[in-house]
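Working notes, structure below.
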Number of protein chains: 2
Amino acid sequence: MEKKRVTITDVAREAQVSETTVSLAFKEGSRISEPTRKRILETASRMSYFPDSAARRLRFGSGKSIGLIVTDITNPWHATVVRSADQIVRSSGYQLIIAESNWDAATEVDVTRNMIESRVLGLIMCFSETTEESYLLIRRSGIPHVAIDTVPPFYKGPSVLSDHLYAGSEAARHLLFCGCSRPAFFTSDPGTRRFSTFTLLEKGFLSGLRKGGIDPQSVPIIEAGLSISQGQDAYARLRASGIEVDCIFCVNDLCAIGALEEAKSRGVSIGEELRVIGIDNLEFSALETVSLTSFADPRQEIMKAAANYLIESIEDEEPLDIHRKFRSRLIERKSTSRAAH
Amino acid sequence: MEKKRVTITDVAREAQVSETTVSLAFKEGSRISEPTRKRILETASRMSYFPDSAARRLRFGSGKSIGLIVTDITNPWHATVVRSADQIVRSSGYQLIIAESNWDAATEVDVTRNMIESRVLGLIMCFSETTEESYLLIRRSGIPHVAIDTVPPFYKGPSVLSDHLYAGSEAARHLLFCGCSRPAFFTSDPGTRRFSTFTLLEKGFLSGLRKGGIDPQSVPIIEAGLSISQGQDAYARLRASGIEVDCIFCVNDLCAIGALEEAKSRGVSIGEELRVIGIDNLEFSALETVSLTSFADPRQEIMKAAANYLIESIEDEEPLDIHRKFRSRLIERKSTSRAAH
DNA sequence: GTGAAAGCGCTAACAA
DNA sequence: TTGTTAGCGCTTTCAC
């Protein structure tokens, strides 16, 4: 038996009605008699008819979908972002189309183009900052968009971010307050450390330290990375270099946990000889055996602001703009216990 | 200035050629003179023309996309699966469409229907087991599909899984080998514990214990859950109940880590008084301060097998079938150190 | 090497 | 309440 796609025409013929009537039968509350509708729906079901969304969209002009491009779906931050975006977008009657660039420029351009060609109504972007091309495409497409998480230097459009500058200076303030005097900064790996997220954290941290009377020049900046093992390595390297520090600010929790782990294994007493702050406030960071001080950013808030802005600019067709920054909250734990008096 | 979608007709008019020629200009190696092609491409670019993929697909009959539905994108297992699926599918020239059911029956049906209506060529499913309807839809649609991770009782189609029965019995074997004699099983919460993943683990574990001479009836089955805090709670409840155990097999690492954490905070010596095994082999489980024995499943392998099977059945149009099970590997760590002789 | 015409599956006017 | 007609944007014969 040969398998053929069944179309609205087939259903119409089978049910002895016009295509229009079939189409109408699938629309809630349309002018059609209940018996007819029921009969058509039954026929359609029996024939395994599924309306073709491409045909519908072509006819209608545009669909009801919103795109979201993230850099790294395996990163808990992004996973959470996907989750809340999906909920918000879905509850507003849209469909979310998810794609991942995997930090790769070519992939980012590719998925961006796919989104545009499938005529998403709006686009939520986490730029990887490795290429400007995708942004160029988005601008030329005229699709409403909003950047979250990161704002590349070339980007001028609407954005919703966490305030990295603030987090950096807060980290400095807190560490100094705890009595530290020889800080280090663990940033991302050489390939990504110039991304705005990390440079802003660095800038904020160093300026916070300066305010506290510490010469930024004296602060070792280690190109660690974003994973546990890289954090371990980086701490090992720092120790091998002979530089002595009494606190570390890491650009994410994983790296911080790695540093903590390595320090512990060397018998360093955490919260006394060494204080550590991370960013992300992972569930693990709260464990008693980890107890890492960290910054919690309001992800749901960020996503809500971004998604709602997007939906508004889609529905109002207003050229609104948005540039919001959300402050993260410092969650104090044992890795930065305060000096006893 | 009013914003209008620019179509192939606009480009054709502007470049003084027919629509056909424009269409051809976008196809590599088509019979068209280089100067013409160049001119058209330039015009198109200047006018910000993006071909409409819905129109193309409608004309062409079908697109080049494959769907993947996962239950929980924030779960590292699923995130990794998404990542590798994307890579494989993309490298075979297809586009991956990702959706999340969030363990919700209505959402699952909804996204499944969307996939079918957008005419994906194939579908990779993580069923939530809360509804049979989505499977019914898939079958009726006639779309090639493959289930991964989990196989609901009603499902009879192709599948690629990890062998939970095996993992369960291996866990039992290992714990007995370490010298344990009073095991407990921490399963999922009441709402999900009947899902096949968990019942298979339970079945395998209990039968493994029976083989080792332990009466399965005597084994406390605790409805813990899948998160750290639920693992903590569950251990606390177990202790409060007065039941004494010397080892726990948990259905995932998060739960196991919670149990470990709670036990440690009560001064229980891990690896001696209490041994714990989890499942998933999270990066955290390898930390010295956690050191949780766990099962590592070959996710990439699973995904590769599933995706390749799907691509084959799409391209060959053969009604192949596949029922593969991959065995997980036990990663021994300190949480199950062997008894000294 | 280029164009004209037909039609993919669907829905929204407009008629009946 | 139902049907007829036209056309969304694109590609693909087939003719020139």
Side-chain angles (χ1 to χ4, degrees), chain A residues 3-41 43-44 47-65 113-114 116-121 141-142, chain B residues 3-41 43-44 47-65 113-114 116-121 141-142:
Chain A
K3 186 157 293 176
K4 275 193 52 167
R5 282 197 310 291
V6 8
T7 75
I8 204 172
T9 318
D10 303 321
V11 179
R13 193 179 328 103
E14 182 79 9
Q16 317 250 45
V17 290
S18 73
E19 302 182 12
T20 308
T21 312
V22 177
S23 175
L24 255 20
F26 277 90
K27 261 182 81 162
E28 293 289 327
S30 50
R31 41 162 241 226
I32 226 172
S33 72
E34 265 319 307
T36 320
R37 156 172 286 136
K38 210 177 153 209
R39 185 164 50 87
I40 293 174
L41 257 25
T43 313
M47 300 177 76
S48 292
Y49 165 71
F50 294 90
D52 184 320
S53 62
R56 174 186 289 149
R57 220 217 57 205
L58 185 59
R59 180 66 244 257
F60 190 75
S62 73
K64 279 288 253 178
S65 55
R113 193 187 296 277
N114 284 342
I116 296 172
E117 297 190 347
S118 68
R119 300 290 187 262
V120 293
L121 264 20
S141 75
Chain B
K3 188 158 292 179
K4 273 192 55 167
R5 282 196 310 290
V6 8
T7 75
I8 204 170
T9 319
D10 304 321
V11 178
R13 193 179 328 105
E14 182 78 8
Q16 318 250 44
V17 289
S18 71
E19 301 182 12
T20 311
T21 312
V22 177
S23 176
L24 256 19
F26 276 91
K27 261 181 83 160
E28 294 288 326
S30 49
R31 42 162 241 233
I32 227 171
S33 74
E34 266 318 309
T36 320
R37 157 171 286 134
K38 213 181 150 207
R39 185 163 51 86
I40 293 175
L41 257 26
T43 313
M47 300 177 75
S48 292
Y49 165 69
F50 294 91
D52 185 320
S53 62
R56 172 186 290 150
R57 220 214 58 206
L58 185 58
R59 181 66 241 260
F60 190 75
S62 72
K64 280 286 255 177
S65 57
R113 193 186 296 276
N114 285 340
I116 296 172
E117 297 189 348
S118 67
R119 299 289 186 264
V120 292
L121 263 22
S141 74

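So that the names make sense, note that chain A is the first sequence line, chain B the second, and so on, each numbered from 1. Note that these values count all heavy atoms, side chains included, but never hydrogens, waters or copies made by symmetry.
One finds a side-chain N or O of A:Thr36 lying less than 4.0 angstrom from the OP1 or OP2 phosphate oxygen of D:dT2. In terms of phosphate contacts, A:Thr21 brings a side-chain nitrogen or oxygen within less than 4.0 Å of OP1 or OP2 of D:dG3.
Protein atom CD of A:Glu19 is 11 Å distant from nucleotide atom P of D:dG3, rounded to whole Å. Rounding to whole angstrom units, CZ of residue B:Phe60 and P of D:dC8 are separated by 23 Å. Distance A:Lys38 NZ to D:dT1 C1': 19 Å, rounded to the nearest Å. B:Phe50 places its CZ atom 21 Å from the P atom of D:dC8, with the value rounded to the nearest Å. Taking atom CG of A:Leu24 as the reference point, atom C1' of D:dT5 lies 15 Å away to the nearest angstrom.
The 5' end of DNA chain D is approached more closely, in terms of each residue's nearest nucleotide, by B:Leu58 than by the other of B:Thr20 and B:Leu58. Between B:Ser18 and A:Ser53, the residue whose closest nucleotide on DNA chain C is further toward the 5' end is B:Ser18.
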Decide yes or no on side-chain contact (heavy atoms from CB on, under 4.5 Å) for B:Phe26 and B:Leu41, but give the supporting numbers first. CA-CA 8 Å; B:Phe26 276 91; B:Leu41 257 26; 4.2 Å; yes
Determine, stepwise, if the pair B:Ser53 / A:Asn114 fulfils side-chain contact (heavy atoms from CB on, under 4.5 Å). CA-CA 8 Å; B:Ser53 62; A:Asn114 284 342; over 6 Å; no
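Between the side chain of A:Ser33 and the base of D:dT2 there is no donor-acceptor pair of N/O atoms closer than 3.5 Å.
A:Thr7 comes within contact range of the sugar-phosphate backbone alone, with a heavy-atom separation under 4.0 Å but no base atom that close.
A nucleotide of DNA chain C counts as in contact with chain B when one of its atoms lies under 4.0 Å from a heavy atom; the first and last such, 5' to 3', are C:dG1 to C:dG9.
Contact of the B:Thr36 side chain with the B:Arg39 side chain is registered, since non-hydrogen atoms from C-beta on lie closer than 4.5 Å. Counting only heavy atoms from C-beta outward, the side chains of A:Arg119 and B:Phe50 approach each other to under 4.5 Å. The shortest distance between side-chain heavy atoms of A:Arg57 and B:Asp52 falls below 4.5 Å.
When each of D:dT13, D:dG9, D:dA6 is scored by its nearest atom to the side-chain atoms of A:Arg59, the top-ranked nucleotide is D:dA6.
The closest side-chain donor-acceptor pair between A:Thr20 and A:Ser23, if any, does not fall under 3.5 angstrom.
Side-chain atoms of A:Arg37 do not come within 3.5 Å of backbone N or O of A:Ile32 as any donor-acceptor pair.
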